[in-house]
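Note: hydrogens, waters and symmetry copies are ignored here, and every other heavy atom, side chains too, is used. The sequence lines fix the lettering, A, B, ..., with proteins before strands; numbering per chain opens at 1.
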Amino acid sequence: MKKIEAIIKPFKLEEVKDALSQIGIEGMTVSEVKGFGRQKGHTEIYRGSEYKVDFLPKIKIEIVLPDGRVEGAIAAIISSAKTGKIGDGKVFVSDVEEIIRIRTEEKGDAAI
Amino acid sequence: MKKIEAIIKPFKLEEVKDALSQIGIEGMTVSEVKGFGRQKGHTEIYRGSEYKVDFLPKIKIEIVLPDGRVEGAIAAIISSAKTGKIGDGKVFVSDVEEIIRIRTEEKGDAAI
Amino acid sequence: MKKIEAIIKPFKLEEVKDALSQIGIEGMTVSEVKGFGRQKGHTEIYRGSEYKVDFLPKIKIEIVLPDGRVEGAIAAIISSAKTGKIGDGKVFVSDVEEIIRIRTEEKGDAAI
Amino acid sequence: MRNTILVFALITASLIAQPAAQAASATVPKRSAPSLEQRVSDLEAYVNNGTRVADGTNTVSSNLGSYDEKANVFTPNPGPGPNAWQMTCAALVLFMTLPGLALFYGGLVRRKNVLSVLAQCFLITGMVTILWYICGYSLVFHHGNGLLGDLKGFAFFNNVDSSPNGDYSPWVSQNVFAMYQLMFAIITPALIIGAIAERMKFAALFLFMFLWMLVVYFPQAHMIWGIDGMMNGVSNPNAKIHAIDFAGGTVVHMTSGWSALVLCLILGKRQGFGKENFTPHSMVLCMVGTGMLWVGWYGFNAGSAVAADVIAANAFTTTTLATAVASFVWPMAEWVTRGRPSVLGFCSGAVAGLVVITPACGFVTASGAVIIGVFAGLIPWFFCYKVKGWFGYDDALDTFGVHAVGGTIGALLTGVLARSSANANLASDSMKNFVTNSPFQPLVFEQLKAIGVTLALAIGGTVVIAFIVKAVIGLRPTEEAESVGLDLAEHGEEGYNG
Amino acid sequence: MRNTILVFALITASLIAQPAAQAASATVPKRSAPSLEQRVSDLEAYVNNGTRVADGTNTVSSNLGSYDEKANVFTPNPGPGPNAWQMTCAALVLFMTLPGLALFYGGLVRRKNVLSVLAQCFLITGMVTILWYICGYSLVFHHGNGLLGDLKGFAFFNNVDSSPNGDYSPWVSQNVFAMYQLMFAIITPALIIGAIAERMKFAALFLFMFLWMLVVYFPQAHMIWGIDGMMNGVSNPNAKIHAIDFAGGTVVHMTSGWSALVLCLILGKRQGFGKENFTPHSMVLCMVGTGMLWVGWYGFNAGSAVAADVIAANAFTTTTLATAVASFVWPMAEWVTRGRPSVLGFCSGAVAGLVVITPACGFVTASGAVIIGVFAGLIPWFFCYKVKGWFGYDDALDTFGVHAVGGTIGALLTGVLARSSANANLASDSMKNFVTNSPFQPLVFEQLKAIGVTLALAIGGTVVIAFIVKAVIGLRPTEEAESVGLDLAEHGEEGYNG
Amino acid sequence: MRNTILVFALITASLIAQPAAQAASATVPKRSAPSLEQRVSDLEAYVNNGTRVADGTNTVSSNLGSYDEKANVFTPNPGPGPNAWQMTCAALVLFMTLPGLALFYGGLVRRKNVLSVLAQCFLITGMVTILWYICGYSLVFHHGNGLLGDLKGFAFFNNVDSSPNGDYSPWVSQNVFAMYQLMFAIITPALIIGAIAERMKFAALFLFMFLWMLVVYFPQAHMIWGIDGMMNGVSNPNAKIHAIDFAGGTVVHMTSGWSALVLCLILGKRQGFGKENFTPHSMVLCMVGTGMLWVGWYGFNAGSAVAADVIAANAFTTTTLATAVASFVWPMAEWVTRGRPSVLGFCSGAVAGLVVITPACGFVTASGAVIIGVFAGLIPWFFCYKVKGWFGYDDALDTFGVHAVGGTIGALLTGVLARSSANANLASDSMKNFVTNSPFQPLVFEQLKAIGVTLALAIGGTVVIAFIVKAVIGLRPTEEAESVGLDLAEHGEEGYNG
Ligand SMILES: Nc1ncnc2c1ncn2[C@@H]1O[C@H](COP(=O)(O)OP(=O)(O)O)[C@@H](O)[C@H]1O
Ligand SMILES: Nc1ncnc2c1ncn2[C@@H]1O[C@H](COP(=O)(O)OP(=O)(O)O)[C@@H](O)[C@H]1O
Ligand SMILES: Nc1ncnc2c1ncn2[C@@H]1O[C@H](COP(=O)(O)OP(=O)(O)O)[C@@H](O)[C@H]1O
């Protein structure tokens with residue numbers, strides 16, 4: 001099993017969720033994060049004091065899924081989250097050793 | 001060393017924390033996330049406009065611990081977080097290569 | 001490629017970010033978390049009811065980077081985040097299998 | 001549009017020129033000292049809020065004012081009670097907009113648009129004040145014709161000073177009256193924001209509101225409240241339509257509510273309407289705003305007596321009863337139909353009650369107010385929960401459902417429930433044929449006529465203005481701006497940080 | 001309970017029947033025109049807030065009112081100053097509840113329950129208003145017997161119009177007085193919410209509050225403030241107990257505070273009490289609410305003079321001094337004992353000061369108020385920080401510690417510190433034997449008796465009502481509802497989104 | 001410092017001793033009953049806010065008060081209209097601080113310091129009230145010399161009761177006047193918080209504010225407003241400087257603003273200044289506070305007439321116009337220079353307008369107010385956006401840019417724009433040589449002198465006090481405390497939880 005972590009622009013969340021649903025992925029966990037990268041924050045002048053906003057609001061989506069579904073999921077994320085502008089985000093894939101569903105104590109792929 | 005990530009219902013946090021403390025696990029990191037899964041959000045009618053609340057508030061607990069303690073920790077989480085109702089959440093286990101305690105620069109199991 | 005997760009004290013974020021920038025690390029994702037560990041929260045008496053604040057505010061920094069840069073990054077984090085007092089936090093290192101930049105669909109080290 | 005150009009010319013002028021001198025006093029005979037009887041009568045007039053024994057003519061004398069022997073001019077003073085009350089009420093009505101309405105609406109939008117609502121309320125406050133000073137007060141409250149007041153009469157607050165203007169109140173300073181009425185002119189366009197929230201360009205809103213004041217508000221306010229307005233049933237015996245509107249059912253709520261519907265249809269729906277979650281980002285702020293609206297509305301309704309007299313007392317009472325009843329009925333309707341009473345229901349009910357009682361408050365009895373409260377709790381509720389769903393227009397914060405619908409049924413119920421036992425002015429020569437104290441009295445038809453005129457003006461005016469603004473600068477922000485939120489996109493700020 | 005049934009019957013009636021006609025005027029001789037001397041005396045009475053020369057009888061004449069020649073009825077007018085003041089005060093007291101108290105309490109609960117507090121405050125507002133209109137005002141302020149007013153006298157606001165009711169104020173409109181007193185009737189039950197926050201079923205609270213008004217509030221208010229109330233020391237020479245309570249130490253704070261303790265004991269503790277973190281979800285909102293309470297309380301205390309006269313001026317002054325001192329003393333006590341002064345301490349001290357000065361404000365001197373402020377800062381603080389911990393009851397937001405304890409010591413200190421130099425009425429025939437201007441004056445014992453009666457009524461009434469409600473619909477929500485939060489569970493909304 | 005010691009001694013005394021008895025009445029002849037003519041004249045004086053026919057001497061009679069035959073003392077009553085107005089205004093000015101200013105400032109700081117601002121506002125409220133009661137009111141408003149009032153005259157509110165003090169108002173209770181002025185004494189030091197927010201030790205602030213009241217505020221207020229103050233141009237014919245300051249341009253805004261600059265320079269910058277993001281944690285709260293400030297400011301400005309008369313009416317009007325114009329001009333300046341109007345711009349403009357019109361409001365015409373509004377929108381804006389950046393001082397929330405700069409240009413513009421047509425008192429013997437109704441009238445130079453004296457006192461006083469406090473307890477919290485936030489570090493609480 002693999003875990004996909006995708007960092008995306010906040011206003012793309014709905015679209016990404018819909019794209020994943022469409023290919024039958026119905027479980028995910030989402031959190032609000034701040035991103036720091038090539039996309040530079042704006043410079044603000046607030047009442048005369050200048051400062052740089054470094055961290056931009058991003059959304060992190062975590063999806064754990066069977067190995068076979070990874071490719072499809074990545075494709076769905078990329079096509080729905082892309083705007084082509086800097087700051088669109090990244091997708092990270094890593095390995096997961098075990099999954100358990102708390103409610104039923106099922107394990108492995110059955111627990112997804 | 002392994003990392004356990006558990007997604008649970010928010011109101012179970014205290015119980016899970018207590019259960020883990022009882023078996024001697026004294027370090028963890030907790031964050032607020034939104035979950036999307038089999039448990040469906042409610043449909044709201046707000047002033048005449050209907051919409052679906054897809055994302056439900058969940059808590060993510062992250063615990064890094066030596067390989068030998070993983071089983072016990074999972075059991076503690078499951079027994080304390082389970083309500084038997086849909087949406088109880090999942091536990092994911094993955095591998096961690098290295099740990100360092102910032103304060104002392106200790107590494108590995110000693111740093112946990 | 002590796003992922004570094006660092007849990008640090010919130011007021012150290014600026015310093016850590018600067019330290020990482022200085023060694024050329026320009027991408028990271030940050031989130032607010034609550035930590036539970038050796039550092040104990042204070043006991044509060046609020047209008048006569050006593051209770052313990054267990055969870056302390058922490059910052060989690062996630063950085064994905066090529067294997068070769070891990071050592072340097074860890075050193076930068078440790079030196080900038082350390083206060084020497086309990087609760088300074090941890091650094092976890094794990095493996096990442098794939099990275100994709102959504103904007104360009106570049107993969108691997110090129111996507112970082 | 002001729003007005004608009006004039007107005008700009010006048011702005012420049014105002015910063016240079018001093019207001020023209022007072023009209024030279026004609027050669028009237030010097031006055032004689034008032035008799036003790038006259039002096040006491042004038043004091044009694046003060047307590048009774050009656051017509052003054054002396055109000056600026058020199059033939060009758062009084063000491064409640066200052067007499068300039070040289071100029072042979074007597075300038076009446078205001079009375080302390082009425083002036084105190086009216087200043088308090090003006091402050092209360094400002095409180096309704098800043099921060100009352102700003103919070104009520106601001107709480108209901110999404111987090112990313114909260115500041116845009118506040119900025120819009122604030123912009124309107126400044127812009128309308130400037131208009132009011134230049135020409136608005138004159139266009140509404142100077143006499144002119146049945147449709148509009150004289151443009152120059154009180155322009156730049158010329159001749160508007162602390163002495164009362166007997167046309168509107170014998171004992172309240174005219175400048176205080178002008179400020180009080182300014183607060184009405186501010187909140188009315190601000191109400192429109194509710195329907196078009198989260199999706200209108202700031203510059204477009206600016207131009208729209210500017211034109212709307214000139215085309216819709218000033219004429220409507222003059223027609224209903226101007227001393228020679230064509231629908232001023234109580235004060236103008238020559239009125240074409242003998243309608244009554246105590247505190248602004250047609251002037252404030254119908255104009256804003258119906259214009260809001262039109263503008264929201266022309267604008268189109270918000271991105272993601274019907275799919276995304278548009279729940280209020282802070283029901284707490286919304287409720288705080290509601291409380292402030294209610295409290296401030298006493299200034300609005302009871303203050304519209306322009307005196308702290310028997311009529312104000314009645315308006316205070318009816319406002320309380322109708323509002324409390326409506327704030328109770330609306331959530332009960334929810335409880336029955338939806339299983340749970342919501343805080344939004346309590347708040348909406350309260351505002352609906354306030355809206356519906358507004359035109360009626362000075363004319364109906366306590367029991368009439370209770371009946372109005374029941375209707376106010378049910379009919380706007382039905383529009384917001386059912387009718388809106390059926391037609392699918394995006395009246396974001398229910399300005400139409402509450403203000404247009406509420407203002408309209410309020411104007412109608414005023415016709416049905418006005419009683420001369422509640423307000424002796426309804427027994428005056430000018431009104432007694434219309435108010436026969438039965439539910440089907442002739443007044444009902446006068447009210448229907450006034451509703452018709454108001455609808456025509458509000459809808460017609462808004463259509464024209466909206467298309468002009470659309471042509472000149474466009475109505476909606478870019479898609480990206482709307483999705484990022486108007487706060488960052490249009491104001492470079494966020495409502496909350498950290 | 002007989003009352004309750006009657007009340008329901010009356011509700012239905014009210015929506016159909018028009019209020020009965022005014023009592024037919026008996027055949028009294030036609031009045032003669034007032035003399036200049038009489039007219040001037042009446043004007044002076046207006047300024048002095050004195051008894052009117054003419055107040056509805058026809059034998060004495062005045063021009064400060066309207067005389068209906070045909071009916072031979074003289075209806076006195078209110079005065080502009082007092083009416084303006086009383087309307088302002090009524091609005092201020094409403095502001096105390098909506099949004100003042102709602103924020104004060106709402107800020108102190110956890111995020112998941114904030115809306116439930118707002119909904120409860122709003123529900124009480126509507127429900128009490130309806131009760132007040134139907135029967136409450138009549139039961140409290142119509143004469144009847146020492147315990148309760150006549151049920152039908154002012155039912156449905158019959159005979160309650162803009163003319164003053166001389167029993168309570170010569171120069172304020174009776175309907176304004178009725179609205180003013182309504183605001184007291186609203187905030188009193190709302191205070192109870194503080195003790196039982198976060199764990200009472202909405203429907204249970206509804207029924208409880210409804211019964212509580214009938215069983216506890218109306219009788220208590222009549223006994224203390226009704227013109228023939230058995231504990232109305234100032235106005236009723238035949239009072240059984242010559243107690244004084246200027247603005248509601250017993251009527252408002254003791255009744256609500258002690259009932260709150262009883263109800264909170266019957267309800268039981270919140271889930272997780274003593275283990276979980278119950279810190280306020282927004283001390284900022286709590287502080288905003290405190291500021292609003294303080295400002296609104298001027299309407300409560302100084303408004304209780306029902307005139308803007310010397311007594312109101314004194315009440316305004318003592319309220320300010322006591323509150324400011326208590327708001328200073330409480331956090332200083334924290335600073336000493338706990339190392340840090342908290343904002344909750346400042347807020348609690350201010351509210352405690354306001355509570356304790358309430359019964360005393362119109363009767364004590366400025367220096368008396370300062371002394372009261374010191375006690376108000378220390379004794380409730382001690383109860384909230386120490387006594388509550390010792391006994392372990394879950395008085396969630398300290399209604400007992402602040403209102404019951406504060407109200408009780410306020411009633412007592414009023415007895416100790418009332419001085420006829422502060423209020424000339426204390427030198428009247430009815431009071432002068434009790435107020436000898438020494439700390440151990442007989443008034444102290446009258447106050448103790450009133451405290452006893454109030455305690456008995458509040459505690460006894462609440463026990464009975466609480467068990468009835470428990471039996472009929474149950475008091476607490478399900479465990480899951482409590483854990484999810486009352487906002488989602490009972491109202492289907494969340495306080496904040498996004 | 002001698003005062004300080006005295007004050008402490010008096011505190012203790014006050015809790016024991018009862019205020020000394022009223023001064024024994026000298027042997028004056030018994031009064032004769034007032035004539036009808038006198039009685040009517042006194043009633044007219046009431047309506048006109050004129051000098052009373054009888055105000056405590058026994059030679060002239062009136063019925064508007066109470067005459068104690070035995071003591072042969074006539075005590076004048078206040079009038080209901082003026083007293084109602086003044087109590088309303090006092091409540092409004094308190095509302096400006098709690099919660100108005102607390103929110104305005106609290107919203108602008110970072111989340112971790114919001115409570116510290118609230119605590120500071122609250123602390124000042126309590127502490128200043130106690131000082132005011134003990135000695136402050138006496139030092140400011142009792143006659144004494146040109147610099148300071150007599151310390152014991154009104155100490156412990158001795159002789160301060162509900163009867164008017166004719167020096168300040170013929171028809172308002174003196175204790176109400178004292179409470180009204182207390183609210184000014186509270187908000188002034190609270191304004192300083194803005195410049196030094198987020199980085200001053202609570203205990204240091206306590207001591208600083210305590211000393212500042214004694215050294216800066218009380219003398220300045222006496223000099224400008226005391227009946228024998230050396231800069232009281234309107235009421236003191238022997239004034240050294242014939243300056244005018246209607247509602248506190250020098251007393252309130254210049255003293256606080258310039259002291260704020262000095263203190264912020266001595267304190268040094270906040271940690272991370274210029275690097276970290278210091279955006280407001282809640283522009284929403286800031287805007288709510290702004291709205292409350294505006295509304296409350298009517299009490300501040302129009303209330304400074306100490307009557308609801310023609311002057312109050314004018315002040316109400318000019319305040320509205322200048323504020324609305326400035327709230328419009330500031331964001332327009334932003335729109336032009338920065339591309340976007342911000343909500344902070346609207347708020348800052350409104351506050352700047354209020355500040356600049358404050359000294360002028362009772363003396364200028366409506367058109368004068370519009371001109372003032374334009375200046376108020378531009379000059380403080382320029383200081384906040386440009387000058388602050390050039391010099392780099394850390395005036396956290398722009399107290400200097402808005403209050404010091406605004407107060408100073410307000411004092412100056414008052415000199416330029418004061419017109420006797422706006423306020424008849426400017427045509428009095430004492431002022432007519434200074435007010436010639438041209439922009440370069442001699443008054444301008446009097447105002448400059450007053451500005452100079454105020455600057456010297458504020459800057460000098462603050463330097464001395466700040467260094468004393470620094471020496472005694474230190475000014476800044478530990479670095480860790482500052483970084484964790486003052487809320488947790490100094491008050492053990494957080495603004496928001498959950
Ligand atoms: N090396 C990294 N490790 C973790 N997160 C990263 C890394 N690089 C970028 N990110 C995340 O991805 C977001 C987008 O990256 P950015 O460099 O701004 O643009 P792009 O995705 O177009 O390359 C960042 O805001 C950050 O949250
Ligand atoms: N494939 C997944 N990847 C990541 N998180 C998941 C996944 N499936 C479920 N979750 C998380 O677990 C939570 C509970 O899952 P859900 O399907 O609702 O119920 P259950 O745990 O009873 O199967 C979700 O709200 C989501 O946060
Ligand atoms: N085993 C663990 N798994 C995950 N997070 C941990 C673990 N142990 C500690 N942490 C995180 O690190 C933070 C600091 O740890 P703590 O034990 O308090 O101090 P120190 O870092 O000095 O050992 C904790 O607040 C928690 O967020």
Quick check on [X] against chain E: is it the side chain, the backbone, both or neither that has a heavy atom closer than 4.5 Å?
X      : value
D/Y298 : side chain
D/N314 : both
D/S282 : both
D/A312 : both
D/A302 : side chain
D/Y46  : both

Please flag which part of [X] lies under 4.5 Å from any non-hydrogen atom of chain D: side chain, backbone, both or neither.
X      : value
E/L64  : both
E/A489 : backbone
E/V114 : side chain
E/A91  : both
E/M179 : side chain
E/I186 : neither
E/S173 : side chain
E/L103 : side chain
E/L182 : side chain

Check: Does E/E44 come within less than 4.0 Å of E/R39, counting only side-chain N to carboxylate O?
Finding: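 Salt bridge absent between E/E44 and E/R39.
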Notebook entry, point to check: Is D/E334 salt-bridged to D/R340, going by a charged N under 4.0 Å from an acidic O?
Noted result: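 No salt bridge links D/E334 with D/R340.
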Next item on the list: May I ask you to name which of E/T129, E/L98, E/N83, E/N175 has the most heavy-atom pairs under 4.5 Å with chain D?
Entry: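 Maximum pair count with chain D is reached by E/N175.
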Next item on the list: Please determine, among E/V176, E/T125, E/V160, E/L118, the option with the most heavy-atom pairs under 4.5 Å with chain D.
Entry: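 Among E/V176, E/T125, E/V160, E/L118, the one with the most close pairs to chain D is E/L118.
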Check: Distance under 6.0 Å and angle within 45° of the ring axis: does D/R419 meet both against D/F363?
Finding: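 The answer is no; the distance or angle limit is not met.
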Notebook entry, point to check: Taking all non-hydrogen atoms of both residues, which atom of D/V329 and which atom of D/V374 are closest, and how far apart?
Noted result: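 Result for this residue pair: CG1-O, 4.0 Å.
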Margin query: Quick check: closest heavy atoms across E/V93 and E/F300, and the distance to 0.1 Å?
Written below: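 In this case the closest contact between E/V93 and E/F300 is CG2-N, 3.5 Å.
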Item checked: E/M292 side chain near E/M96 side chain, heavy-atom distance below 4.5 Å ->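 No; the side chains remain at least 4.5 Å from each other.
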Next item on the list: Decide yes or no for E/F206 and D/W335: does some side-chain heavy atom of the first lie under 4.5 Å from some side-chain heavy atom of the second?
Entry: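 In short, these two side chains touch, coming nearer than 4.5 Å.
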If you tally heavy-atom pairs under 4.5 Å against chain E, which of [options] wins?
options                       : answer
D/A45, D/P80, D/A324          : D/A324
D/V325, D/T290, D/T88, D/L321 : D/L321
D/G291, D/G81, D/A308         : D/A308

Are the side chain of [X] and the backbone of [Y] linked by a donor-acceptor contact shorter than 3.5 Å?
X      : Y      : value
D/Q86  : D/G303 : yes
E/R111 : E/H281 : no
E/N113 : E/G485 : no

Margin query: Around atom CZ of D/F375, are there more than 12 heavy atoms from other residues, nucleotides or ligands closer than 6.0 Å?
Written below: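 It does not: D/F375 CZ has 12 such atoms or fewer within range.
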Notebook entry, point to check: Parallel, tilted or perpendicular: which describes the rings of E/F177 and E/Y137, with under 30° parallel and over 60° perpendicular?
Noted result: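 Perpendicular, since the angle between the ring planes exceeds 60°.
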